[in-house]
Amino acid sequence: MELKGNTILITGGGSGIGFALASRLAKAGSKVIICGRRLKQLEEAKKECPELIPLCADISTAKGREELLNEVLRKFPDLNVLINNAGIQSRLPPLIEKQDWSKHELEISTNLEAPMHLAMLFIPHLRRQKSSYIINVTSGLAFVPISFLPTYCATKAALHSFTLTLRHQLKSTPIQVVEIIPPAVNTDLGGKGLHTHGVNLDEFADHCIKHLAQSDPEFGFETSETRRLAVKQATQGIFEQMNK
């Protein structure tokens with residue numbers, strides 16, 4: 001992937017991994033639109049990296065995703081990269097206790113429904129570009145779940161599965177499908193102070209940019225790379241045989 005000359009939409013681009021990737025891609029010479037629900041956070045991101053283009057959007061609903069598509073293609077008809085990065089991780093009570101389904105539902109709609117739907121919405125446009133990308137950000141927890149985050153892990157496992165299928169179905173088109181598989185990263189995902197044990201954000205973002213430049217279709221980092229390779233070794237041949 002050429003790092004310059006692209007027009008990129010990145011969801012959840014106002015903070016964390018999204019902002020780290022967006023700012024690096026913008027400084028490399030691409031036009032980068034960051035979207036999120038909180039305008040203040042997007043404005044703060046732009047203050048830190050003036051090259052970014054903020055766009056307020058709610059991708060947790062189908063209507064919000066359709067409105068985002070229309071606005072982006074109207075303002076940025078040369079868009080050629082979609083990065084599905086936005087995600088929610090909630091620390092919810094154990095499943096044996098009474099649940100607030102709306103919180104699980106928000107995780108599912110943001111982490112899984114949104115990237116699936118956005119990919120489907122943008123594919124017709126991206127197919128017309130000379131070189132285009134759909135990049136999905138999943139998690140090492142897609143391969144081995146941690147029990148106190150059942151819904152989050154399930155959404156990321158499902159998104160990994162969808163990404164494999166998407167790549168296979170689009171292999172004859174100009175669209176390249178990439179999966180970024182983070183380990184725990186020191187961000188505010190789920191709340192402040194919950195991921196201080198995670199890897200350094202800048203180190204992870206630099207790693208991602210390196211692998212994007214190498215056009216690697218799938219990559220993790222440290223623990224997530226170990227999990228990715230273990231599962232790939234066990235399942236890649238079966239996947240290829242099933243999908244001849």
Side-chain angles (χ1 to χ4, degrees), residues 1-14 16-35 45 49 51-53 55 59 68-69 72-73 75-87 114-116 118-140 142 156 159-160 162-183 185 199 201-222 224-225 228-229 232 236:
M1 175 180 173
E2 289 288 337
L3 299 181
K4 64 180 181 179
N6 301 296
T7 300
I8 301 169
L9 171 66
I10 178 164
T11 65
I17 292 172
F19 174 73
L21 293 176
S23 59
R24 283 162 171 77
L25 291 166
K27 291 180 186 302
S30 285
K31 184 188 302 180
V32 182
I33 305 110
I34 56 171
C35 79
C49 181
E51 297 91 342
L52 297 176
I53 303 167
L55 184 61
I59 63 165
L68 175 63
L69 170 78
V72 167
L73 296 189
K75 293 181 177 178
F76 309 100
D78 55 347
L79 180 93
N80 69 313
V81 180
L82 168 66
I83 303 180
N84 285 310
N85 164 77
M116 290 179 66
L118 287 171
M120 295 175 192
L121 288 172
F122 278 93
I123 281 171
H125 170 79
L126 294 174
R127 285 189 68 183
R128 296 193 293 268
Q129 308 309 303
K130 185 176 180 181
S131 175
S132 56
Y133 292 81
I134 296 174
I135 301 172
N136 292 332
V137 179
T138 61
S139 170
K156 293 299 185 178
L159 183 56
H160 168 68
F162 177 76
T163 304
L164 292 176
T165 300
L166 188 67
R167 184 182 297 123
H168 182 78
Q169 290 197 6
L170 297 182
K171 64 184 179 180
S172 62
T173 76
I175 306 172
Q176 297 186 56
V177 178
V178 177
E179 182 177 1
I180 298 176
I181 306 164
V185 181
V199 301
L201 175 59
D202 288 328
E203 289 182 11
F204 176 68
D206 289 342
H207 175 81
C208 291
I209 295 299
K210 172 187 172 183
H211 282 272
L212 289 175
Q214 293 174 177
S215 296
D216 291 331
E218 179 183 290
F219 57 88
F221 184 68
E222 295 188 355
S224 66
E225 179 68 356
R228 180 188 79 87
L229 290 174
K232 190 175 186 69
Q236 180 67 22

Output the distance between atom [atom1] ([X]) and atom [atom2] ([Y]), rounded to the nearest 0.5 Å.
X      : Y      : atom1 : atom2 : result
Asn85  : Ile10  : CG    : CD1   : 4.5 Å
Leu21  : Ile209 : CG    : CD1   : 5.5 Å
Phe219 : Leu229 : CZ    : CG    : 13.0 Å
Met120 : Leu166 : CE    : CG    : 8.5 Å
Ile8   : Asn80  : CD1   : CG    : 7.0 Å
Ile83  : Thr11  : CD1   : OG1   : 8.5 Å

(Q) Apply side-chain contact (heavy atoms from CB on, under 4.5 Å) to residues Glu218 and Val178 and explain how you reach the verdict. (A) CA-CA 6 Å; Glu218 179 183 290; Val178 177; over 6 Å; no
Q. Which side chain to side chain donor-acceptor pair (under 3.5 Å) pairs, counting each pair once, include a residue from residues 26-35, with sequence neighbours left out?
A. Asn6-Ser30
Q.
Once side chain to side chain donor-acceptor pair (under 3.5 Å) is applied, what residue pairs with a partner in residues 168-183 remain, sequence neighbours excluded?
A. Tyr133-Gln176, Thr138-Glu179, His160-Glu179
Q: With Leu118 as reference, evaluate Leu9, Leu82, Leu69 under the side chain to side chain contact (heavy atoms under 4.5 Å, CB included) test and give the passing residue.
A: Leu82
So [Y] and [X], do their side chains get closer than 4.5 Å, heavy atoms only?
X      : Y      : answer
Val32  : Ile34  : yes
Ile123 : Ile134 : yes
Arg24  : Asp206 : yes
Val137 : Pro182 : yes
Cys35  : Leu68  : yes
Phe122 : Leu79  : yes
Gln129 : Ile175 : no
Phe221 : Cys208 : no

Under the side-chain hydrogen bond (donor to acceptor under 3.5 Å, both in side chains) test, residues paired with [X] that sit two or more places apart:
X      : value
Ser224 : none
Gln236 : Lys232, Glu240
Asn84  : Asn136
Thr7   : Asp78

Q. Under the side-chain contact (heavy atoms from CB on, under 4.5 Å) criterion, do Leu25 and Lys4 qualify, and how do the steps go?
A. CA-CA 7 Å; Leu25 291 166; Lys4 64 180 181 179; over 6 Å; no
Measure across [X] and [Y] and return the closest heavy-atom pair with its distance rounded to 0.1 Å.
X      : Y      : value
Cys49  : Ala26  : SG-CB, 4.4 Å
Ile181 : Gly140 : CG2-N, 3.6 Å
Ala45  : Phe19  : O-CE1, 3.5 Å

Q) Is a side-chain N or O of Arg167 found less than 3.5 angstrom from the main chain of Pro217, in a donor-acceptor match? A) yes
Q.
Main chain of Gly220, side chain of His207: is a donor-acceptor contact present, judged purely on distance under 3.5 Å?
A. yes
Q.
Run the side-chain contact (heavy atoms from CB on, under 4.5 Å) test on Leu55 and Lys75 for me, step by step, so that the C-alpha distance in whole Å, both residues' side-chain angles and the decisive distance to 0.1 Å come before the verdict.
A. CA-CA 11 Å; Leu55 184 61; Lys75 293 181 177 178; 4.2 Å; yes
